[in-house]
Participant: 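Structure incoming, see below.
Just so it is clear, the values below take in all heavy atoms, side chains as well, and ignore hydrogens, waters and symmetry mates.
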Amino acid sequence: MKKALNLIIIYFVFLILGIAFGTLLHTMYSNILNYVAGRDLQLFSVESLIESFVHISFCMLFLICPAVSFYRIRHPAGISQGIAFIIMSFLTWAILIPANHNFCNYLTDNFLTSAPHKTYLSKDYFRHVDNEVYYFTDDFTYSEKGGMEADAVVISISRERSYVDYRPVRDTPSLKVNSAAAPFREVLVSQSFLNDTKSLFVNFEELVKKVRRTLDAGFIRYLFYLSFGLALCAIYALTDLFDWKLLNSVLLFFLSAFVLGCNSGLLSPWLSSIEAGIDSNVVYSFLARWTEEPLVFVGNCLLALLLLVLWIVTSIVKNHKRKKE
């Protein structure tokens, strides 16, 4: 019972500290992404803190049950921990996630402006992209043709064709100094970091958007969305599967990543071709009314059922072994 209470305490410690430190780090990260040379660097601001809290709070609520499962591998204590984990899983997905959605809506509606503030590139800096150098002589202003525009000296240093041009440049995503800077706002900042950045296996931004869309759509849709939470929490069954704790940890990590990845759109291109062939099916049509990805919903339910059976069988076998000893 003591270890079960410890599991509950660890749950709240991980959740609170994860949201607090995650929000601060994400705020710093997002402000560095949007930093422009020559502008004041604000590592913390009210708007960025709120935006980061919205993102990180949902991410932590997704990750908290797998995190507690990792802790349980190192500190196992029988069925009492399992009951405590079920209570914490219910608390997370039935109460905290919907409550957090409402709280985040309150924050964004009352403390964020309707249109996000955009920082434009500053003048008096040389920005080298490929075979061209951009030097803005003025700040960006709204032009009569529409959109933001600034006069710039554009120097081509290509061997085939060299020139110097002075012309107005519009701030568009296709502008070389913008496209080359991605995911940063400033190409000078982007060039300070390694260029071989890789995308994550799990798209947390899509996960957050999806859960918020589902909650806005109503109770029934969220009820179907809970298959994701069911699959993620059922991974707890792996915490005591083998006597070798390292193997349990590896399995739990990869299966957690797989569930998160599949529910964030990892398999969408592959599943869309299957769904095109079964869209007339009665069961599929019914599920499509209530969930964005019917096949992912079915996969979540099957995985959760499989892990639940595995947990029950493992518990029975281990209890039988203890009685023999």
Side-chain angles (χ1 to χ4, degrees), residues 22 24-45 47-49 51-52 54-56 59 112-209 257 261 264-270 272:
L24 292 176
L25 291 174
H26 190 271
T27 302
M28 294 173 63
Y29 169 74
S30 60
N31 282 321
I32 290 172
L33 282 184
N34 294 315
Y35 174 70
V36 170
R39 312 289 188 200
D40 292 334
L41 176 61
Q42 289 185 331
L43 290 180
F44 302 103
S45 65
E47 289 195 352
S48 61
L49 276 170
E51 290 171 354
S52 295
V54 171
H55 180 75
I56 294 298
C59 290
L112 294 183
T113 56
S114 56
H117 176 70
K118 182 177 180 181
T119 305
Y120 295 94
L121 296 177
S122 55
K123 63 180 181 179
D124 299 335
Y125 281 87
F126 289 95
R127 294 176 171 90
H128 183 193
V129 181
D130 295 333
N131 293 321
E132 290 183 335
V133 177
Y134 288 78
Y135 182 86
F136 295 101
T137 58
D138 294 304
D139 288 323
F140 277 88
T141 55
Y142 190 80
S143 68
E144 295 179 355
K145 299 178 181 178
M148 301 298 289
E149 193 173 85
D151 292 330
V153 177
V154 182
I155 305 169
S156 174
I157 53 176
S158 172
R159 291 182 179 179
E160 292 77 16
R161 184 169 174 262
S162 299
Y163 62 85
V164 178
D165 190 15
Y166 181 74
R167 63 173 188 263
V169 174
R170 296 190 66 186
D171 183 67
T172 61
S174 59
L175 183 66
K176 279 188 177 181
V177 286
N178 287 335
S179 59
F184 296 90
R185 180 69 182 95
E186 170 65 81
V187 69
L188 296 174
V189 177
S190 176
Q191 290 167 351
S192 302
F193 293 87
L194 295 175
N195 294 323
D196 58 343
T197 55
K198 296 179 176 61
S199 58
L200 288 174
F201 181 77
V202 179
N203 187 346
F204 283 101
E205 187 175 351
E206 179 59 29
L207 282 175
V208 174
K209 288 179 180 177
S264 65
L266 176 68
L267 300 179
S268 293
W270 180 68
S272 59

Participant: Please examine the side chains of Y134 and L175, heavy atoms only from C-beta on, and report whether any two atoms are closer than 4.5 Å.
Facilitator: yes
Participant: Donor-acceptor pair, distance only, cut-off 3.5 Å: does the side chain of N178 make one with the backbone of T172?
Facilitator: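 Yes: the side chain of N178 pairs with the backbone of T172.
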Participant: Looking at A37, is its backbone amide N or carbonyl O close enough to the side chain of S122 to form a donor-acceptor pair, meaning the two atoms are under 3.5 Å apart?
Facilitator: yes
Participant: Quick check: are there more than 12 heavy atoms from other residues, nucleotides or ligands sitting under 6.0 Å from CD of E206?
Facilitator: yes
Participant: Any idea which heavy atoms bring I56 and G22 closest together, and the distance?
Facilitator: CG1-O, 3.5 Å
Participant: Any side-chain heavy atom of T27 within less than 4.5 Å of one from N31?
Facilitator: yes
Participant: Give the C-alpha distance, both sets of side-chain angles, the deciding distance and a yes or no for side chain to side chain contact (heavy atoms under 4.5 Å, CB included) between K123 and T137.
Facilitator: CA-CA 5 Å; K123 63 180 181 179; T137 58; over 6 Å; no
Participant: Would you name the heavy atoms of S52 and H26 that are closest together and state the gap between them?
Facilitator: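 Residues S52 and H26, closest heavy atoms: OG-ND1, 2.9 Å.
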Participant: With distance as the sole test, does D130 use its side chain to make a donor-acceptor pair with the main-chain N or O of E132 at under 3.5 Å?
Facilitator: no
Participant: For V202 versus A257, what's the shortest heavy-atom pair and its separation?
Facilitator: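 Minimum heavy-atom contact is CG2-O, 3.8 Å.
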Participant: Quick one: CG on D171 to OG1 on T141, what's the gap to the nearest 0.5 Å?
Facilitator: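 If I round to the nearest 0.5 Å, the distance is 11.5 Å.
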Participant: In the structure I gave you, are the side-chain heavy atoms of M148 and Y142 within less than 4.5 Å of one another anywhere?
Facilitator: yes
Participant: Run F184 and I32 through side chain to side chain contact (heavy atoms under 4.5 Å, CB included) and show every step you take.
Facilitator: CA-CA 8 Å; F184 296 90; I32 290 172; 4.3 Å; yes
Participant: If you look at every heavy atom in Y120 and R185, which pair is closest and at what distance?
Facilitator: CA-NH2, 3.8 Å
Participant: Please step through side chain to side chain contact (heavy atoms under 4.5 Å, CB included) for the pair V169 and F136, ending with a clear verdict.
Facilitator: CA-CA 9 Å; V169 174; F136 295 101; 4.1 Å; yes
Participant: Do you know which two heavy atoms are closest between V208 and C59, and how far apart they sit?
Facilitator: CG2-SG, 4.1 Å
Participant: Minimum heavy-atom separation for V177 to V187, with atom names?
Facilitator: O-CB, 3.7 Å
